[in-house]
Amino acid sequence: MRIIKPLTPHIEEMLRHYEQNGHLNMQASLLGKQSAVYKVQEYCLKVYTKRGKVGGELECEAMMSLQNNRHVPKVYAYSTGNFILTEWIDGFNLRQYREIHGHIPHNLIYDMFSSELQQIQSGYRDWDVIRYENLLWTKGGEVKRTDFWLCEPAGLMQNDVQQAIIRKIDRVYSGDRSEMQKLEPYFYRHGLTVSEIQQALEHFHSQGSSLVVSQ
């Protein structure tokens, strides 16, 4: 186990106990085929299943490499492929945020693109999945991502992927209908109306695509 930030003796003892015995005496907040997530005080403990071990190895490496990105939770400790301890994010996915606050996040499209671009600029890309599904918005409006298990080093493809994202951003900003259609399924899955999607696009236009690219 690697400890990245200081932990209380109780938390460190709990992690070492898990390493030695392979079980936790607590109820999971979220269970999946790849991992189980536990809320431990102000921390988020993600424990990987045997099926999720390889993905867990990728996630541990990616989250450590992306720690300077503002949308990435702080890592406190990890055991590669076994578990990772991060800060707990009190946030809502797009549907929850809209239902609780009565409106969509003010910087919705900017948040989507900036988190994606920051990641590739740091040298990591996703496999062919919809990464926006893993975005959470906090009460203060910050956007955080909580799942990085499909991230991998971009390597020689980094510049090509970065330029592709920048072109996508520019096409959305210029009103390219075909590019917007690729984003709409995510919006509709989370209950947005046509007018709300238009509102998000108009606000993105007021910010300017260069704001994302030049951050």
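This chain uses plain numbering: 1 for the first residue, then up along the sequence.
Around CE of M26, the count of heavy atoms belonging to other residues, nucleotides or ligands within 6.0 Å exceeds 12.
For the pair I84 and Y48, the minimum side-chain heavy-atom distance is below 4.5 Å. Using a 4.5 Å cut-off on side-chain heavy atoms (C-beta onward), Y97 and L136 make no contact.
Taking 4.0 Å as the cut-off between side-chain N and carboxylate O, R70 and E142 do not count as a salt-bridged pair. The residues R145 and D126 are annotated as salt-bridged, a charged nitrogen and a carboxylate oxygen being separated by less than 4.0 angstrom.
M112 and L66 are not part of a single hydrophobic cluster, where members link through side-chain heavy atoms under 4.5 Å apart.
Judged by distance alone, the side chain of E19 and the main-chain N or O of M1 form a donor-acceptor pair under 3.5 Å. With hydrogens and angles ignored, the 3.5 Å screen pairs a side-chain donor or acceptor of Q67 with a backbone N or O of P73. A distance-only check finds a donor-acceptor pair linking the side chain of N21 to the backbone of H17 [under 3.5 Å]. In this structure, N69 contributes its side chain and H71 its backbone to no donor-acceptor pair below 3.5 Å. A distance-only check finds no donor-acceptor pair linking the side chain of T138 to the backbone of D90 [under 3.5 Å]. Listed for the S29 side chain is no donor-acceptor partner under 3.5 Å among the backbone atoms of Y38.
Judged by a 6.0 Å distance limit and a 45° cone about the ring axis, R189 is not positioned over the six-membered ring of F187.
Residues passing the side chain to side chain donor-acceptor pair (under 3.5 Å) test with N93: none are found, sequence neighbours excluded. Looking at residues two or more places apart in sequence or on another chain, you find a side chain to side chain donor-acceptor pair (under 3.5 Å) between R171 and E179. Under the side chain to side chain donor-acceptor pair (under 3.5 Å) criterion, Q96 pairs with no residue at all, not counting sequence neighbours.
Between Y124 and F148, the gap from one ring centroid to the other reaches at least 6.0 Å. Under the 6.0 Å cut-off for aromatic ring centres, Y110 and F204 do not qualify, their centroids lying 6.0 Å or more apart. Between Y173 and H205, the ring center distance clears the sub-6.0 Å criterion.
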Test ring-ring contact (aromatic ring centres under 6.0 Å, His included) applied to Y76 and Y43, step by step: CA-CA 9 Å; Y76 285 85; Y43 304 106; 5.0 Å; yes

